[in-house]
Amino acid sequence: MRRNDPKEFVDLGLGFVGFFAVAFVIITASCELTGQPALVWAVISLVLVAVFIALLQARRRIQASRLRAEEARAGQDS
């Protein structure tokens with residue numbers, strides 16, 4: 001793996017955001033079940049899940065571009 005690999009940064013972001021997304025979803029669910037106000041927790045959870053999905057799409061784009069580059073190199077070598 002390269003030192004400044006963008007995929008590594010995206011993976012790090014996925015882990016960080018994913019952990020907090022799960023934590024905030026659990027907090028939101030517990031607030032809803034106990035009857036406490038949960039709007040702020042739900043909005044934060046929504047934002048974190050949206051960021052997580054965006055990071056997943058970025059990771060897929062990085063992988064697809066690397067695959068295309070490898071195929072192009074393989075096509076030139078043949």
Side-chain angles (χ1 to χ4, degrees):
M1 199 175 273
R2 296 179 304 212
R3 183 170 168 87
N4 292 328
D5 190 8
K7 186 179 167 207
E8 184 177 335
F9 293 118
V10 171
D11 287 342
L12 181 66
L14 279 169
F16 185 78
V17 172
F19 171 79
F20 284 104
V22 169
F24 277 92
V25 167
I26 291 170
I27 292 170
T28 303
S30 69
C31 286
E32 286 290 337
L33 293 174
T34 59
Q36 297 175 357
L39 179 62
V40 174
W41 299 111
V43 170
I44 294 171
S45 298
L46 177 66
V47 168
L48 287 172
V49 169
V51 170
F52 187 80
I53 291 170
L55 285 170
L56 277 176
Q57 290 176 346
R59 188 173 193 272
R60 282 192 197 132
R61 274 189 255 116
I62 290 170
Q63 287 178 331
S65 67
R66 285 187 181 175
L67 182 61
R68 284 191 302 268
E70 287 177 12
E71 288 175 350
R73 278 191 300 243
Q76 291 176 353
D77 292 342
S78 323

In this structure, would Ile27 and Phe16 fall into the same cluster of hydrophobic residues linked by side-chain contacts under 4.5 Å? yes
Going from CD1 on Ile62 to CZ on Phe9, what distance comes out if it is rounded to the nearest 0.5 angstrom? 10.5 Å
Keeping to residues at least two apart or across chains, list the salt bridge (Lys or Arg N to Asp or Glu O under 4.0 Å) pairs with something in residues 39-59. Asp11-Arg59
Spell out, yes or no, whether Leu56 and Val17 are grouped together once hydrophobic residues are joined by side-chain heavy atoms under 4.5 Å, including indirect joins. yes
Taking a hydrophobic cluster as the set of Ile, Leu, Val, Met, Phe, Trp and Tyr residues connected by side-chain heavy atoms closer than 4.5 Å, whether directly or through intermediates, do Leu14 and Leu48 fall within one such cluster? yes
Spacing of CG belonging to Leu67 relative to CD belonging to Glu71, to within rounding of 0.5 Å: 4.0 Å
Going only through I, L, V, M, F, W and Y residues with side-chain contacts under 4.5 Å, is there a path from Val10 to Phe52? yes
Sorted by chain and number, sequence neighbours left out, salt bridge (Lys or Arg N to Asp or Glu O under 4.0 Å) with Arg60 holds for none
Are Ile26 and Phe20 connected, step by step, through hydrophobic side chains (Ile, Leu, Val, Met, Phe, Trp, Tyr) whose heavy atoms are closer than 4.5 Å? no
As an exercise, state the distance from CG of Leu55 to CG of Leu12, rounded to the nearest 0.5 Å. 10.0 Å
Scanning both residues in full, the closest heavy-atom pair of Ser45 with Thr28 reads OG-OG1, 3.1 Å
Check: residues 33-43 side-chain donor-acceptor pairs under 3.5 Å, at least two apart:
{"residue": "Thr34", "atom": "OG1", "partner": "Ser30", "partner atom": "O", "Å": "2.9"}
{"residue": "Thr34", "atom": "OG1", "partner": "Cys31", "partner atom": "O", "Å": "3.4"}

